[in-house]
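Because the structure is a prediction, the values reported are computed rather than measured. Naming: A, B, ... by sequence-line order, numbering from 1 per chain. Just the heavy atoms: all of them, side chains too, but no hydrogens, waters or symmetry mates, feed the values below.
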Amino acid sequence: MPELPEVETFRQFAEQYALNRPVRQVRVLTPKILENTTEAQLRQQVETRCLTHTRRVGKHLLIQIEGGGWLFLHFGMTGYLSYAQGSQRIVNAYGNPALPEKHIRVQLEFEDGGLFNFHEQRMFGKLGWTPQADAYFKAKKLGPDALEVEKAPFIAALQKRKGQLKPALMDQSLVAGVGNVYADELLYQCGLHPERLVSGLPAAAMGEVYTQMVAVLRDTVAVQADRDQLPPHYLLHTRKPKGRCPQGNHLLDVKSIGGRTTYFCPICQPFLG
DNA sequence: AGGACGCCCTGTTCGC
DNA sequence: TGCGAACAGGGCGTCC
């Protein structure tokens, strides 16, 4: 499930493998993955040119094309990148070399024979071409990136919200990049119940939400989103049915909140008004 | 208008 | 044993 740390890892991967080498050919293996873009348009915009820069806001990755425009990538819940050179040296993103070499939807072949692949099993992801980065982010109604936003504006935005805490944090227009898994993680680290109403939350608690959001996302980016390398007190290690709280061994509770499966510790995250 | 909810999609897991 | 139902979930459309 690519959230901010995974997509940041993809961005770094793209920086390493996809920039500054002329594209010989674009292969669209599954045209349905394209958004607001035809195959012919994509080829016309990318072939013979180099990719020059990357940008990321939340879960959206943009790669600038020499001479104008951007390639945009969204990874849905099963998307990832890979790179292959020759018949050996297959490299996968986010610290997971075991990802299958399957479900390639779009492939860039460089002049030097390198292959840069966009994989997406479940087809929730999208790829396409857009002329302007900022217009793209605006059209997607993205709020500030969760690792760029500062504390005061984050708290101010949260204070305007009603409803439950977890769905608010997952709203990409409030803050971009937090998905289901890291929303559960940061609330666990805060000791806050995911159904807690935002309206009843003191500003100090919102400050703690901010602090843990940034800490969890930074920690995860620092290990290239390889979750096995995260500290043992992280919930995501046991975030599964019959899993137990890493800090107290309590049986985790699981329920659907805002339409998403939510894991939390009923002891460490008690429900308060 | 903001919040709640159903749906898209496909591979895997579960239950009868 | 085998097959169909349930499930996972980011984002968008729809409804109130």
| query | In B/S/- notation, 5' to 3', how is nucleotides 9-16 of chain C contacted by protein heavy atoms closer than 4.0 Å? | reply | BBBS----
| Do you know the tightest heavy-atom contact between A/C265 and A/H250? | SG-ND1, 3.5 Å
Separation of [X] atom [atom1] from [N] atom [atom2], in whole Å?
| X | N | atom1 | atom2 | answer |
| --- | --- | --- | --- | --- |
| A/K166 | B/dG3 | NZ | C1' | 16 Å |
| A/E195 | B/dA4 | CD | C1' | 14 Å |
| A/Q121 | B/dG11 | CD | P | 6 Å |
| A/K242 | B/dT13 | NZ | C1' | 14 Å |
| A/L165 | B/dG3 | CG | P | 13 Å |
| A/K141 | B/dG2 | NZ | C1' | 13 Å |

Under a plain distance cut-off of 3.5 Å, with no hydrogens placed, do [Y] and [X] share a side-chain donor-acceptor pair?
| X | Y | value |
| --- | --- | --- |
| A/T54 | A/R11 | yes |
| A/Q41 | A/Q45 | no |
| A/E185 | A/Q189 | yes |

| field | Lys/Arg N to Asp/Glu carboxylate O, A/R227 vs A/E6, below 4.0 Å | value |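 So A/R227 pairs with A/E6 through a salt bridge.
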| said: Quick test of your reading of the model: are A/R55 and A/D145 salt-bridged, counting only N-O distances below 4.0 Å? | reply: no
| query | Roughly how bent is the helix from B/dG2-C/dC16 to B/dC16-C/dG2 end to end, in steps of 10 degrees, with each end axis from five pairs? | reply |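 It works out to 60° between the end axes.
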Parallel, tilted or perpendicular: which one describes the rings of [X] and [Y], with boundaries at 30° and 60°?
| X | Y | answer |
| --- | --- | --- |
| A/Y210 | A/F154 | tilted |
| A/Y17 | A/Y83 | parallel |
| A/Y136 | A/H60 | perpendicular |

| said: Do A/I33 and A/F75 sit in one hydrophobic cluster, given that two such residues count as connected whenever their side-chain heavy atoms are within less than 4.5 Å of each other, even indirectly? | reply: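 Result: yes, single cluster for both.
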| said: What's A/K162 touching, base or sugar-phosphate or nothing? Going by heavy atoms closer than 4.0 Å. | reply: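 Sugar-phosphate, backbone atoms only, no base.
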| How long is the span from the CG atom in A/L169 to the CG atom in A/L158, to the nearest 0.5 Å? | 6.5 Å
| A/G163 or A/H103, whichever maps to the more 5' nucleotide of DNA chain B |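 Between the two, 5'-proximity favours A/G163.
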Distances under 3.5 Å only, N/O to N/O: pair up the protein atoms with those of nucleotides 3-6 of chain C.
none

